[in-house]
Amino acid sequence: MTTTPVIAIDGPAASGKSSTAAAVARALGAFHLDSGALYRGLTRVALDHDLGAAEAIIQRAETRGLGLVRVGDEIIPFLDGEPAEPLIRSPEVTAAVFRIAAMEPLRDWVNRRLRREASGTRWLVLDGRDIGTAVFPDAPVKIFLTATPLARAKRRLVQRDGAALAPELAAEAAALAARDAADASRAVAPLRQATDAIVIDTTELTFGQQVDAILAVARKALSNKQIPPTL
Ligand code: CDP
């Protein structure tokens, strides 16, 4: 088979990409990989050792064994021989990751690892910011997930704190907007919608509806292109 076995799901922060992509992968019998987790892993290493230069960050990341490991249907980052979660979800990593993601050698380092995973024997549901535009421009299914900043802020707070209260909501929506602006305005592989991506606005959708919408788009795209959904 010559098709790139990748379903690309891109979109702004907290648009529900990762959790939805994981459920889509399970439904399709595919692997799921959240590319943002690798940028977060590099950011963790940079912060731990107070490093700013790309080469030094890569060197230290490799010494500490930052890499991807298949665990069930998930492909997750490991660091120091253990799953890198939850260390990579700390607020300080979230605040600093945009700087790491703007550095070209670090993007190349991540992309080499993503491409290696796509040369396997199962479909890969891959979520990020530049999967359909830069990493796998030939992916047969490209989805761009969006939601209003307010809806995304609410989901992030409920996920993190169990509730979305008014004072935190405005601050979270502003923080998300700032991260979107940083991701969309960087010189290398900025966040943008691929011209051939299908946009799904999830503002009014439940989680289950989101998963079903992506599955419907993926199945239709694969059948239009006469690609079997398994390798
Ligand atoms: O979960 P959330 O949407 O907040 O972010 P993430 O997917 O964990 O990604 C963290 C950061 O990594 C993003 O804000 C981007 O700066 C960067 N990223 C990227 O540049 N390219 C990707 N393919 C994935 C993430």
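Ligands are counted one by one from 1 in listed order, and the atoms in each one are counted from 1 as well.
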Hey, is CG on D50 packed in by over 12 heavy atoms from elsewhere, all under 6.0 Å?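 Counting other residues, nucleotides and ligands, CG of D50 stays at 12 neighbours or fewer.
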
Counting only heavy atoms not in R113 (residues, nucleotides, ligands), do more than 12 fall under 6.0 Å from its CZ? yes

Should the pair [X]-[Y] be classified as a salt bridge under the 4.0 Å nitrogen-to-oxygen rule?
X	Y	value
R122	D73	yes
E92	R44	yes
R129	D10	no
D48	R64	yes

For [atom], what's the nearest protein heavy-atom neighbour? Residue, atom name and distance, please.
atom	value
atom 25 (C) of ligand 1	G36 CA, 3.5 Å
atom 17 (C) of ligand 1	A101 CB, 3.7 Å
atom 16 (O) of ligand 1	D183 OD1, 2.6 Å
atom 8 (O) of ligand 1	R40 NE, 2.6 Å
atom 1 (O) of ligand 1	R156 NH2, 3.2 Å
atom 7 (O) of ligand 1	R129 NH1, 3.4 Å
atom 24 (C) of ligand 1	S35 OG, 3.4 Å
atom 10 (C) of ligand 1	R179 NH2, 3.7 Å

Under 4.0 Å, counting heavy atoms only: does A14 come that close to any atom of ligand 1? yes

Pair R89-T94, side-chain contact (heavy atoms from CB on, under 4.5 Å): steps then yes or no: CA-CA 7 Å; R89 303 277 156 201; T94 301; 5.8 Å; no

Suppose I only count heavy atoms of [X] and a 4.0 Å limit; which atoms of ligand 1 are within that range?
X	answer
K17	3 (O)
D130	21 (N), 22 (C), 23 (N)
A13	3 (O), 4 (O)
R89	8 (O)

Select one of side chain, backbone, both or neither to describe which atoms of R152 lie under 4.0 Å from any atom of ligand 1, heavy atoms only.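 Near ligand 1, R152 shows nothing, with every heavy atom at 4.0 Å or more.
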
Please work out, at 4.0 Å between heavy atoms, whether the side chain, the backbone, both, or neither of R99 comes within that distance of ligand 1. neither

side-chain hydrogen bond (donor to acceptor under 3.5 Å, both in side chains) for W109 and E104? Distances and angles first, verdict last. CA-CA 9 Å; W109 187 90; E104 194 159 20; over 6 Å; no

Atom pairs and distances, side-chain donor-acceptor, residues 12-31, under 3.5 Å, sequence neighbours left out:
unit_1 : atom_1 : unit_2 : atom_2 : d
S15    : OG     : P12    : O      : 2.8
K17    : NZ     : G11    : O      : 3.2
K17    : NZ     : P12    : O      : 3.0
S18    : OG     : D34    : OD2    : 3.2
S18    : OG     : D127   : OD2    : 3.0
T20    : OG1    : G16    : O      : 2.2
T20    : OG1    : Q210   : NE2    : 2.9

Would you say R186's side chain and A102's backbone share a donor-acceptor pair under 3.5 angstrom? no

